[in-house]
Amino acid sequence: MPKYYEDKEDDNRACSGVREDLKSCLLQHDCVLKEGKSPRDCLKGGVCKALQVSFFECKRSMLDNRSRFRGRKGY
């Protein structure tokens, strides 16, 4: 779920909303907190898979020429 904050700093990079949600999902997951693994290791294990796919789709849409008309995917 996207998170919206009133005092959140502006990040004008592409796919910044999905990036922040993926980061917070990873850092709050038991894989990182309880098991002490790195977020990269947890991503390889399949944690937060829906956000990872959404972030990939958003980054891929930046390279797609059709996105000039359709707009970037993600939020």
For residues 43-53, please give each side-chain donor-acceptor pair under 3.5 Å, one per line with the distance, not counting sequence neighbours.
none

Practice prompt. Show your working on salt bridge (charged side-chain N to carboxylate O under 4.0 Å, His left out) between Lys23 and Glu20 and close with a plain yes or no.
Written response: CA-CA 5 Å; Lys23 183 172 97 171; Glu20 183 162 334; over 6 Å; no
N/O donor to acceptor pairs below 3.5 angstrom from side-chain atoms of residues 29-42, sequence neighbours left out:
{"unit_1": "His29", "atom_1": "ND1", "unit_2": "Cys31", "atom_2": "N", "d": "3.1"}
{"unit_1": "Ser38", "atom_1": "OG", "unit_2": "Asp41", "atom_2": "N", "d": "3.3"}
{"unit_1": "Ser38", "atom_1": "OG", "unit_2": "Asp41", "atom_2": "OD2", "d": "3.2"}

Worksheet, complete the sentence: Heavy atoms of Cys15 and Met62 approach each other most closely as SG-SD, 4.3 Å
